[in-house]
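This is the structure I have questions about; it appears just below.
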Amino acid sequence: FSTSGNIESQYAIKNGKQILLSEQLIVDCSHGCSDEPPYGQVCNQGCGGGWQWNAYIDIMSWGGLETEAQYPYTGVDQDC
């Protein structure tokens with residue numbers, strides 16, 4: 001939620017209008033991993049949580065996020 005909220009805020013500042021982006025897309029599709037000392041390798045885990053920077057990297061590789069209307073929030077892990 002913090003990742004999509006940050007992108008929404010940056011978009012609003014730059015463009016002067018608000019958009020709502022899909023948190024569910026991040027939950028379902030962001031499985032990026034990074035090495036985080038002292039924890040070792042950590043990966044995004046859907047509803048089990050994740051790391052914002054892994055989500056940002058995934059979102060950039062996808063070319064952006066769908067809107068909330070296109071990919072609505074369900075509150076459960078789904079297939080990407």
Side-chain angles (χ1 to χ4, degrees):
F1 287 89
S2 63
T3 304
S4 60
N6 178 268
I7 296 169
E8 290 168 350
S9 297
Q10 295 300 319
Y11 183 90
I13 290 167
K14 182 176 180 179
N15 297 293
K17 59 183 176 178
Q18 184 179 14
I19 57 168
L20 296 176
L21 298 173
S22 175
E23 292 91 2
Q24 190 68 44
L25 182 62
I26 298 170
V27 169
D28 293 343
C29 302
S30 179
H31 302 291
C33 301
S34 58
D35 187 34
E36 302 298 333
Y39 308 107
Q41 187 163 11
V42 295
C43 302
N44 286 0
Q45 303 172 32
C47 289
W51 299 75
Q52 296 93 335
W53 42 90
N54 290 337
Y56 284 118
I57 292 167
D58 287 339
I59 292 165
M60 288 187 290
S61 75
W62 305 330
L65 280 174
E66 301 289 337
T67 66
E68 179 71 21
Q70 293 169 313
Y71 202 117
Y73 185 70
T74 64
V76 296
D77 289 328
Q78 303 177 117
D79 292 330
C80 179

Next on the checklist: Walk me through whether Asp77 and Val27 qualify under side chain to side chain contact (heavy atoms under 4.5 Å, CB included).
Outcome noted: CA-CA 7 Å; Asp77 289 328; Val27 169; 3.4 Å; yes
Checklist entry - If Ile, Leu, Val, Met, Phe, Trp and Tyr residues are connected whenever their side-chain heavy atoms lie under 4.5 Å apart, and connections chain through other members, are Ile59 and Tyr11 in the same group? => result yes
Next on the checklist: Just verifying a value: how many Å separate Cys80 SG and Gln78 CD, rounded to the nearest 0.5 Å?
Outcome noted: 10.5 Å
Checklist entry - Roughly how far, to the nearest 0.5 Å, is the CG atom of Leu20 from the CD atom of Gln70? => result 11.5 Å
Next on the checklist: With a 6.0 Å cut-off (strictly less than), is the heavy-atom count around CD of Gln18, excluding the residue itself, greater than 12?
Outcome noted: no
Item to check | Identified side-chain hydrogen bond (donor to acceptor under 3.5 Å, both in side chains) partner of Ser30 from the options Thr3, Asn44, Asn54 | outcome: Asn44
Item to check | Same apolar cluster (I L V M F W Y, side chains within < 4.5 Å links), Tyr56/Tyr71 | outcome: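 Looking at the clustering, Tyr71 is in the same group as Tyr56.
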Checklist entry - Roughly how far apart are Ser34 OG and Tyr39 OH, rounded to 0.5 Å? => result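 Answer rounded to 0.5 Å: 12.0 Å.
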Item to check | Candidate pair Ile26 and Phe1, rule side chain to side chain contact (heavy atoms under 4.5 Å, CB included), full reasoning | outcome: CA-CA 9 Å; Ile26 298 170; Phe1 287 89; over 6 Å; no
Next on the checklist: Can a donor-acceptor pair be found, under 3.5 Å and without considering hydrogens, that links the side chain of Glu8 to the backbone of Leu21?
Outcome noted: yes
Checklist entry - Should Tyr73 and Leu65 be counted in the same cluster of Ile, Leu, Val, Met, Phe, Trp and Tyr side chains packed under 4.5 Å apart? => result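 Hydrophobic grouping puts Tyr73 apart from Leu65.
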Checklist entry - Looking only at side chains, do Ser22 and Gln24 share a donor and an acceptor under 3.5 Å apart? => result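 On atom types as modelled, these side chains do not qualify, holding no pair under 3.5 Å.
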